[in-house]
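All heavy atoms count here, side chains included; hydrogens, waters and symmetry mates do not. Here, residue 1 is the first one in the sequence, and each next residue gets the next number.
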Amino acid sequence: MRIAAFFMLGFTALAGSLLQVKAEANLERRSDLALEYANSALDAAREAYKSGDIDKTKSALDEVEQSIDLSYDSLADSGKDPHKSGAFKRAELKARELVRRLDGLVQSASFTDQDMFERVKGRISSIHDDLLNGILSKKKK
């Protein structure tokens, strides 16, 4: 019972912090914070799934997806060249880690629940590919 209460408190605090991440003025810092938030939200999704709470799992996975979108959008809005920016490389590495972690969740989830993890994994994988393409291609003059 204490664990469930602790988890509920942690998830509530997690939900409030996405608004704080969005309030960050520095776009590269916002991207980094959003990726940290996505990692924490993925932890929350894993714990919710282990406890059998599918609604909280889906909610946490939505937070992961919103966070990765916020990170990518923040980098795109920065106007910096991905080929020359360390923030893009950090985002690519963290996105790759999230894809790997989600792959583990897909493998451990029951067959009927795998789709909810696969959807988010596909979105993050797509963003990872976009980040990697930006880093590897030179900006045309």
Inset, instruction - Search all heavy atoms of Gln114 against all heavy atoms of Ala109 and return the closest pair with its distance. - result: NE2-O, 3.4 Å
Inset, instruction - Side-chain contact test, heavy atoms from C-beta onward, threshold under 4.5 Å: evaluate it for Glu65 versus Leu61 and give yes or no. - result: no
Legend entry - Ile135 reachable from Leu98 in the ILVMFWY side-chain graph, under 4.5 Å edges: yes
Legend entry - Spacing of Leu105 atom CG and Tyr49 atom OH [to the nearest 0.5 Å]: 9.0 Å
Legend entry - Beyond-backbone contact of Asp43 with Arg101, side-chain heavy atoms, under 4.5 angstrom: yes
Inset, instruction - Output the distance between atom CG (Asp73) and atom OG (Ser31), rounded to the nearest 0.5 Å. - result: 10.0 Å
Inset, instruction - With sequence neighbours left out, write down each residue that passes side chain to side chain donor-acceptor pair (under 3.5 Å) with Ser85, or none if nothing qualifies. - result: Glu28
Legend entry - Pair Lys94 + Glu97: basic N to acidic O under 4.0 Å: no
Inset, instruction - Answer with yes or no whether the hydrophobic clustering places Met116 together with Val106; edges join I, L, V, M, F, W, Y residues whose side-chain heavy atoms lie under 4.5 Å apart. - result: yes
Inset, instruction - Mind checking the CZ-CD1 spacing from Arg96 to Ile127? Nearest 0.5 Å is all I need. - result: 16.0 Å
Legend entry - Pairwise ring pair (Phe, Tyr, Trp, His ring centres under 6.0 Å) hits with a residue in residues 87-106, at least two apart: none
Legend entry - Between CD1 on residue Ile68 and OH on residue Tyr72, distance to nearest 0.5 Å: 11.0 Å
Inset, instruction - Nearest 0.5 Å please: distance from the CG atom of Asp53 over to the NZ atom of Lys58. - result: 11.0 Å
Legend entry - Heavy-atom closest contact (Lys56 atom, Ala48 atom, distance): CB-CB, 3.8 Å
Inset, instruction - Determine whether Arg46 and Lys50 make a side-chain contact, defined as any pair of heavy atoms from C-beta on separated by less than 4.5 Å. - result: yes
Legend entry - Exam field: side chain Ser126 to backbone Gly122, donor-acceptor pair closer than 3.5 Å: no
Legend entry - Side-chain (Ser125) to main-chain (Lys121) donor-acceptor, under 3.5 angstrom: no
Legend entry - Where Ala91 and Leu75 come nearest, the two heavy atoms and their spacing: CB-CD1, 3.5 Å
Legend entry - In one Ile/Leu/Val/Met/Phe/Trp/Tyr side-chain cluster, 4.5 Å: Val99, Leu132: no
Inset, instruction - Find out whether Arg90 and Leu93 are in side-chain contact, i.e. whether some heavy atom of one side chain is under 4.5 Å from a heavy atom of the other. - result: no
Inset, instruction - Check whether any side-chain heavy atom of Pro82 sits under 4.5 Å from a side-chain heavy atom of Leu131, and report yes or no. - result: no
Legend entry - Spatial distance of atom CD1 (Ile54) from atom OG (Ser110) [nearest 0.5 Å]: 7.0 Å
Inset, instruction - Tell me, please, which residues at least two apart from Asp77 pass salt bridge (charged side-chain N to carboxylate O under 4.0 Å, His left out). - result: none
Legend entry - Side-chain donor or acceptor of Asn133 paired with backbone N/O of Asp129 under 3.5 Å: yes
Legend entry - Pairwise side-chain contact, Leu70 with Leu18, heavy-atom cut-off 4.5 Å (strictly under): yes
Inset, instruction - For residues Ser74 and Arg30, report the shortest heavy-atom separation together with the two atoms involved. - result: OG-CD, 3.0 Å
